[in-house]
Amino acid sequence: MRQEAASKLIKALQLIPETMSFILYDGFRPLQVQSFLYNDIKNKIRLKFPQWTIEQIEYETLKYVAFPSIENSSPSPHLTGGAIDLTLGDERGYPLDLGTAFDATEEKSATAYFEKHRSENEAAHINRRILFHCMTQAGFQNYEAEWWHYDYGNRAWARKSNKDQCLYGPIIATIEQNELKEYKFR
Ligand SMILES: C[C@@H](N)C(=O)N[C@H](C)C(=O)O
C-alpha cells in the first residue's frame, strides 16, 4: 500500500477492540492481477446466470471487480495502492463472521445488508459495523457493494470525501515470472 494509506490502516487497527485483529487480503494489484480477477469473476457470474445477456453479465461483474485500467483518469482502485480488502479476525488471527465469504458475488456482500436483515446474522451485523466505523474513522471510504473493500487517496475516496483531487494515480508495475521487477508512481 501507499505509505499514508498504510499509516491510516495502522490507525484503524488501533481502534478495533483488543480481542480482534485485521486479516489483509489484497492491497496494491498490478494490471495483470486486476485483469485476471476481472475475467475470473466474469466467468463465475456467466456460469451462475447462464440465461443472462452479455450486458447483464458485465453489469453484475463491475459490481464486484473494477475494470482493469492504468489510465491516469480512471485507474482501477487497487492499482493505485490506495485500496485494501480486509476482514476482522479474533486475537489468534482466525477470521470472524462477516456474513459472506471474501469476494462473494451476492446481495449479502453489500456492507449495509444486515442493517435491514439483522436477525439473519447478528454477529455479522455487529462485526461489519466495527470494521466500517474503525476504517472510516481512520480516513477510509467503503465501497458499498463489498463489506471488505476500503479506499484511501484514490478517485473513489476523493469522490466520496468531496475532495477536488485524489492523492494517488496508478502505479505502473512490471511483473516478470510472478515477481515485481520495477514500479513507478503516477
Ligand atoms: C475483486 C474484489 N476483491 C475487489 O477488489 N473489488 C473491487 C471493486 C475492485 O476490483 O477494485
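All ligand and atom numbering here is 1-based and tracks the order in the structure. Note that the numbering runs from 1 along the sequence shown for the chain. It should be emphasised that the depicted structure is a prediction, and the values quoted were computed from it without experimental measurement.
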Would you check whether [X] reaches within less than 4.0 Å of ligand 1, judged by its heavy atoms?
X	answer
Tyr38	no
Ala83	no
Lys63	no

For this session: Between Val65 and ligand 1, find which residue part has any heavy-atom pair under 4.0 Å and reply side chain, backbone, both or neither.
Result: both

Exercise. Is it the side chain (CB and beyond), the backbone, both or neither of Tyr64 that lies under 4.0 Å from ligand 1, heavy atoms counted?
Worked result: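 For Tyr64, the contact with ligand 1 is made by the backbone alone.
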
Exercise. Using the benzene-type ring in the case of Trp, are the ring centres of Tyr143 and Tyr150 under 6.0 Å apart?
Worked result: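 Tyr143 vs Tyr150: aromatic centres not under 6.0 Å.
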
Can you sort out which atoms of ligand 1 are near [X], meaning under 4.0 Å from one of its heavy atoms?
X	result
Trp148	3 (N)
His78	5 (O), 9 (C), 11 (O)
His149	5 (O), 7 (C), 11 (O)

Can you find a side-chain donor-acceptor pair between [X] and [Y] that sits under 3.5 Å?
X	Y	result
Trp147	Thr100	yes
Asp26	His149	no
Asn43	Asp40	no

Exercise. Relative to each other, are the rings of Tyr25 and Phe102 parallel, tilted or perpendicular (30° and 60° limits)?
Worked result: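 Ring orientation, 0 to 90° scale: parallel.
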
Exercise. Between Tyr183 and Phe185, what is the ring plane arrangement, given parallel below 30°, perpendicular above 60°, and tilted in between?
Worked result: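 It falls in the perpendicular class, over 60°.
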
Exercise. Is there any N or O on Tyr143 that sits under 3.5 Å from an N or O of ligand 1?
Worked result: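 Such a contact does not occur with ligand 1.
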
Looking only at protein heavy atoms, which one is nearest to [atom], and what is the separation?
atom	result
atom 5 (O) of ligand 1	Arg29 NH2, 2.8 Å
atom 9 (C) of ligand 1	Ala66 N, 3.5 Å
atom 2 (C) of ligand 1	Asp103 OD1, 3.1 Å

Problem set entry | Side chain Arg29, main chain His78, donor-acceptor under 3.5 Å |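 Absent.
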
Exercise. Do the side chains of Tyr168 and Glu4 get nearer than 4.5 Å, heavy atoms only?
Worked result: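 SC-SC contact between Glu4 and Tyr168 confirmed.
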
